[in-house]
Amino acid sequence: MTYTVERSSTMHTILDPATEEVVTEVAGTSAEGTDAAIATARRAFDSWRGVAPADRARLLRRFADAVDEAIDELAALEVRNSGHTITNARWEAGNVRDVLHYYAGAPERLFGRQIPVSDGVDLTFKEALGVVGVIVPWNFPMPIAGWGFAPALAAGNTVVLKPAELTPLTAIRLGELALAAGLPEGVLTVLPGKGSVIGARFVTHPDVRKICFTGSTEVGKQIMAGAADQVKRLTLELGGKSANVVFADADLEQAAATAPYGVFDNAGQDCCARSRILVERSVYDRFLELFEPAVRRVKVGPPSEADAEMGPLISAQQRERVSSYVEGDGADVAFRGDSPQGRGYWYPPTVVLPSGADDRVWREEVFGPVVAVLPFDDEADAVAKANDSEYGLSGSIWTRDIGRALRVSRAVEAGNLSVNSHSSVRYSTPFGGYKQSGFGRELGPDALDPFTEVKNVFISTEG
Ligand code: NAP
Ligand code: MG
């Protein structure tokens, strides 16, 4: 298969999504610049893999400390570049710090095994892969970068990182902080610019041994096809259309009060957004009654304000895309929250009632503050409806029956489920998708495995 790589990236103007003001201009890396960075990363790998485990751990801890000291600065950058609320942006920068600290424990714990065999000793080693390409989307620029680079570096790889063209500012700053903390040149290199230039070159360049991609299912599939040519290792975190399943025996007040935050956080631009709400038919009307004031209470406004709960969408194009599912399709809007008028890519929290499970708004990832609600009849129907999706990333189950909570958790085809809450992400627990939401797991104890090869060595004790 031929995978097309464009040659040049131009200047990209960064706009503040809350005001449409120009923040700055960022020069895009060319294909030649990408090749040069990959060559530097390849040379850096020869020494980085040999750094004593305790020293590699110490450098990652110093990097974490540097991120911690820069939390206010990083958060302010994210507010301007991405329109994230200041509360979220601070959490996101703190998440990079925490993920670095967590994986700083890994270099000294990359254990192999000693396997009993006859006539000798058998050992396994977890070896680093080489240069890893991390491709990051615009929705969570900091956390998703950290989930890739922290375990990759801990396992002894070097990293070339491509932030989304729309949101490169925090990644560029993280690259500077890594250098300032003492990571050698070429160990973590941030390459702002276009996916069709830099990301595509990661796919075709033989020295990039693995790609860790988060983004759209469409581009993920292209990368997967392109990676086949060199049997390149791949982790894919793609889209989602997660279900929030509310049973009649649940704490309905709590389920309704929290449901807006399960989908409208980050203005719905979250692959874990619980954008399909399934409610048991006997409590469907009551749930909607409770849900309406909860949606109207969501505080949508300038993201730099301390009490803002939802900011704008990332771009005019994204707003158009989101609107196509509601205004475009003439969806049945049940109720809406508020949003500022005037400049900025604002879109109000919106609840729609689809005519059935075939509606586009029920099936496709909207990636905006739009949630669809449908009733279900019984447990079997709830599971069938939840699983009637090409995606399988996350989901929530609301019930007071612990047996049911466990049965439904096991039956729903998704990688991250929460019972009586909407939590998907902890740095110490695995995160990733079923079906077309991707494969491979990030975070938690298993995330080092996809950044290493297992090598087996047999040593004869005979003769
Ligand atoms: P996207 O195109 O998949 O972008 C994700 C990353 O891949 C960006 O860094 C992008 O660079 C890069 N990229 C684009 N084309 C590439 C290629 N041919 N080879 C290698 N890398 C490439 O996503 P999008 O266009 O920003 O968003 C479109 C939709 O995808 C959203 O509306 C949403 O439904 C979904 N999405 C999902 C997630 C998620 O977390 N699962 C994240 C973002 C978007 P550029 O920035 O230069 O394009
Ligand atoms: Mg795209």
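Each ligand, and each atom within it, is numbered from 1 in the order the structure gives. Bear in mind that the values here come from a model prediction, so they are computed numbers and not experimental data.
In this structure, of G193, G199, G226, the residue bringing a heavy atom nearest to atom 20 (C) of ligand 1 is G199. Ranked by closest heavy atom to atom 44 (C) of ligand 1, the top entry among F140, F367, Y391 is F367. Selection from A164, G28, C271 by nearest heavy atom to atom 39 (C) of ligand 1 gives C271. Proximity annotation for atom 47 (O) of ligand 1: of G133, G195, P163, G268, G195 comes nearest, heavy atoms only. When the heavy-atom distances from atom 11 (O) of ligand 1 to E165, K162, K194 are ranked, the shortest goes to K162. Across T214, V322, I223, heavy-atom proximity to atom 5 (C) of ligand 1 is greatest for T214.
Taking CG of L278 as the start and CD1 of I397 as the end, the distance is 11.0 Å to the nearest 0.5 Å.
In the model, W147 has a side-chain atom that pairs as donor or acceptor with a side-chain atom of N95 under 3.5 Å. Counted by atom type alone, Y347 and Q318 present zero donor-acceptor pairs between their side chains at under 3.5 Å. Between the side chains of T87 and R90, no donor N or O sits under 3.5 Å from an acceptor N or O.
Of all atoms in ligand 1, numbered sequentially from 1 with element shown, those under 4.0 Å from a heavy atom of A200 are 19 (N), 20 (C). Within ligand 1, counting atoms from 1 as listed, the ones closer than 4.0 Å to a heavy atom of N139 are 40 (O), 42 (C), 43 (C). Taking every heavy atom of W138 and a limit of under 4.0 angstrom, the matching atoms of ligand 1 come to 24 (P), 26 (O), 27 (O). Ligand-side atoms of ligand 1 in range of V136: 6 (C), 8 (C), 9 (O), range being under 4.0 angstrom from any heavy atom. Atoms of ligand 1 lying under 4.0 Å from any heavy atom of Q318, numbered from 1 in the order shown and given with element: 32 (O). Proximity to E365 (heavy-atom distance under 4.0 Å) selects the following atoms of ligand 1: 33 (C), 34 (O), 35 (C), 37 (C). The atoms of ligand 1 that sit less than 4.0 Å from any heavy atom of G239 are 41 (N). Distances below 4.0 Å separate heavy atoms of Q222 from the following atoms of ligand 1: 18 (N).
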Open item on the list: The test is side chain to side chain contact (heavy atoms under 4.5 Å, CB included); show your working for K221 and M224 and say whether it passes.
Closed with: CA-CA 5 Å; K221 285 177 183 176; M224 191 169 170; 5.5 Å; no
TODO: Could you walk me through whether E92 and F140 pass side chain to side chain contact (heavy atoms under 4.5 Å, CB included), step by step?
DONE: CA-CA 8 Å; E92 290 159 16; F140 287 111; 3.7 Å; yes
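Pairing each heavy atom of L443 with each of Y427, the nearest pair is CB-O, 3.6 Å. Residues G133 and F202 come closest through the heavy atom pair CA-CD1, 3.7 Å. When all heavy atoms of L60 and A104 are compared, the pair lying nearest together is CB-CB, 3.9 Å.
Using a 4.0 Å cut-off between heavy atoms, E218 makes no contact with ligand 1 at all. Of all the heavy atoms of L238, the ones lying under 4.0 Å from any atom of ligand 1 belong exclusively to the backbone.
Contact between F202 and ligand 1 is absent, with no heavy atom of the residue lying under 4.0 Å from the ligand. Ligand 1 has no atom lying under 4.0 Å from any heavy atom of Q269.
The salt bridge (charged side-chain N to carboxylate O under 4.0 Å, His left out) test with E453 singles out one residue from K126, R233, R209, and that residue is R233.
Side-chain contact between R343 and T19: absent, with no pair of heavy atoms (C-beta onward) separated by less than 4.5 Å.
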